[in-house]
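Proteins come first, then strands; the chains are lettered A, B, ... in the order of their sequence lines, and each starts at number 1.
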Number of protein chains: 2
Amino acid sequence: MSSLWSRTRNAVYGEITRTAMELFLTRGFDATTIDDIAAAAGISRRSFFRYFGTKEDVVLGDLIASGDLIRQALEARPAGEDAWTALCGALHSVKDSAYDDETMLKIFRMVHETPSLRARSIEKHLQWQALLTPEVRRRLGADPADPWDVRADALVATVITCLDVAGEAWTRAGGQVPLEDLFDAAVDAVRPASCEPAAEISTGDPG
Amino acid sequence: MSSLWSRTRNAVYGEITRTAMELFLTRGFDATTIDDIAAAAGISRRSFFRYFGTKEDVVLGDLIASGDLIRQALEARPAGEDAWTALCGALHSVKDSAYDDETMLKIFRMVHETPSLRARSIEKHLQWQALLTPEVRRRLGADPADPWDVRADALVATVITCLDVAGEAWTRAGGQVPLEDLFDAAVDAVRPASCEPAAEISTGDPG
DNA sequence: TGCCTGATTGACACTCAGTGCCAGATCGGC
DNA sequence: GCCGATCTGGCACTGAGTGTCAATCAGGCA
């Protein structure tokens with residue numbers, strides 16, 4: 001039952017996020033203390049930590065949630081599709097709305113320029129990797145318990161890294177170029193279209 | 001002149017590293033405070049921070065130094081070589097000696113299991129990327145100021161990611177397989193040998 | 001309506017990382 | 001032996017994050 005308790009909790013969660021993001025974007029991430037956030041949101045310092053483990057999680061909280069969406073998108077891909085194509089297709093489903101493009105650009109820049117945020121963002125991406133690897137292993141026909149088989153890990157990590165690179169270039173370019181295009185360019189630089197599908201389960205007729 | 005001042009400094013630096021690493025590996029990274037390290041090394045708490053910016057830097061201090069070695073190795077690669085091959089070759093020159101394999105395994109595991117260490121390790125790798133990208137851009141013939149060209153960034157980030165994946169697999173496998181082999185396997189999974197050299201400056205005779 | 005249980009909250013105290021400041025010691029050159 | 005530069009230790013401070021405890025409040029039950 002998600003009655004008053006959890007509804008209140010969600011409301012407070014959203015309120016903290018809104019308040020904190022506004023402070024971050026105006027006076028900067030490091031210059032905003034948790035006392036500032038708590039005071040502005042009308043809660044106690046201690047309560048803040050009951051909603052967010054760290055200050056960084058306020059900014060990157062949605063990231064881990066979208067990791068699960070990507071996993072679902074990956075599993076929904078056609079069964080015969082090779083792992084690389086499926087992975088790229090699934091990553092295309094990352095649409096962090098909830099913010100307009102200009103705000104998104106500010107947030108990206110902030111994450112990019114703040115070491116602790118940058119690091120935590122990458123940690124989240126590592127969690128994505130753990131989420132996606134099993135399905136890729138399955139598609140590659142790899143033994144799930146074989147620690148020597150690095151193919152799936154390499155593929156997943158690479159594609160996510162391409163997304164990172166694209167995001168970085170997107171901020172550098174001031175959001176002038178669609179993120180998708182940059183992602184595609186990064187992916188194509190790593191594995192040109194001329195490449196035949198990497199490791200495939202088999203039985204596939206070429207084409 | 002690197003006379004007494006810097007010689008003493010280097011000696012103290014090494015002493016702190018040795019002492020701290022011993023504490024880390026016995027009682028754990030998080031369970032070791034900087035006061036512990038300072039006391040064991042016979043210096044003041046304040047002086048510790050004159051040698052290391054953070055506690056993590058004691059463990060990962062050599063990493064940033066090897067970044068420069070990789071850059072040199074990359075620049076020393078044959079001029080005609082395609083960027084991908086040159087990058088992989090340069091990465092092979094990462095040999096963190098100074099520790100035996102068993103100690104190395106413990107350190108890897110510690111870094112892997114400690115979030116703050118993991119994060120900082122990734123930050124260092126980002127610094128590697130910034131170091132290596134210019135040379136790769138040069139090899140690709142990219143405009144140094146063009147923020148839209150993501151090829152070099154994608155290539156560098158991918159190869160470094162492969163090294164990460166290999167390192168992770170190496171710890172999972174208990175160091176049973178040479179790190180180089182795992183790295184090669186990861187690289188080959190991303191871009192099979194059947195691929196033709198990605199983006200090349202040109203004029204190269206095939207071979 | 002009144003009570004009980006469980007989850008939430010705020011307040012206080014605490015540890016620890018990291019920084020700024022200042023006085024004293026120490027080395028190198030003169 | 002003196003002087004400037006550098007290193008050192010000690011002190012105080014901010015800020016993140018945690019443990020604890022009493023007070024509060026929703027919901028179920030008689």
_Keeping Arg137(A) on the side-chain end and Asp143(A) on the backbone end, is there a donor-acceptor pair under 3.5 Å?_
yes

_I'd like to know if the side chain of Arg191(B) reaches the main chain of Val190(A), judged simply by a donor and an acceptor atom lying under 3.5 Å from each other, with no hydrogens or angles considered._
yes

*What nucleic acid atoms does Thr32(B) come within less than 4.0 Å of, heavy atoms only: base, sugar-phosphate, or nothing?*
sugar-phosphate

*Report which part of the nucleic acid Tyr51(A) touches: base, sugar-phosphate, or nothing (heavy-atom distance under 4.0 Å, all strands).*
sugar-phosphate

*Under-4.0 Å side-chain N/O to phosphate OP1/OP2 contact, Thr33(A) with dG15(D)*: no

_Distance below 4.0 Å between Ser47(A) side-chain N/O and dG10(C) OP1 or OP2_ = yes

*Flag the pair Glu22(B) and Arg18(B) as a salt bridge only when some basic side-chain nitrogen lies within less than 4.0 angstrom of an acidic carboxylate oxygen.*
no

*Are any of the side-chain nitrogens in Arg138(A) or Glu75(A) under 4.0 Å away from the carboxylate oxygens of its partner?*
no

In whole Å, what is the span from the [atom1] atom of [X] to the [atom2] atom of [N]?
X: Phe48(B); N: dG18(C); atom1: CZ; atom2: P; answer: 8 Å
X: Glu56(B); N: dG18(C); atom1: CD; atom2: C1'; answer: 11 Å
X: Arg9(A); N: dG6(C); atom1: CZ; atom2: P; answer: 19 Å
X: Phe49(A); N: dT8(C); atom1: CZ; atom2: P; answer: 18 Å
X: Arg46(A); N: dT20(D); atom1: CZ; atom2: C1'; answer: 9 Å
X: Ile43(B); N: dA25(C); atom1: CD1; atom2: C1'; answer: 17 Å
X: Arg45(A); N: dT14(D); atom1: CZ; atom2: P; answer: 13 Å
X: Phe52(B); N: dC7(D); atom1: CZ; atom2: P; answer: 15 Å

_Candidate nucleotides dG10(D), dG18(C), dG10(C), ranked by approach to the side chain of Arg50(B) - the nearest_ = dG10(D)

*Out of dG10(C), dA16(D), dG18(C), whichever nucleotide has its closest atom nearest the side chain of Lys55(B)*: dG18(C)

*Relative to the ring of Trp170(A), is the ring of Phe108(A) parallel (under 30°), tilted (30 to 60°) or perpendicular (over 60°)?*
perpendicular

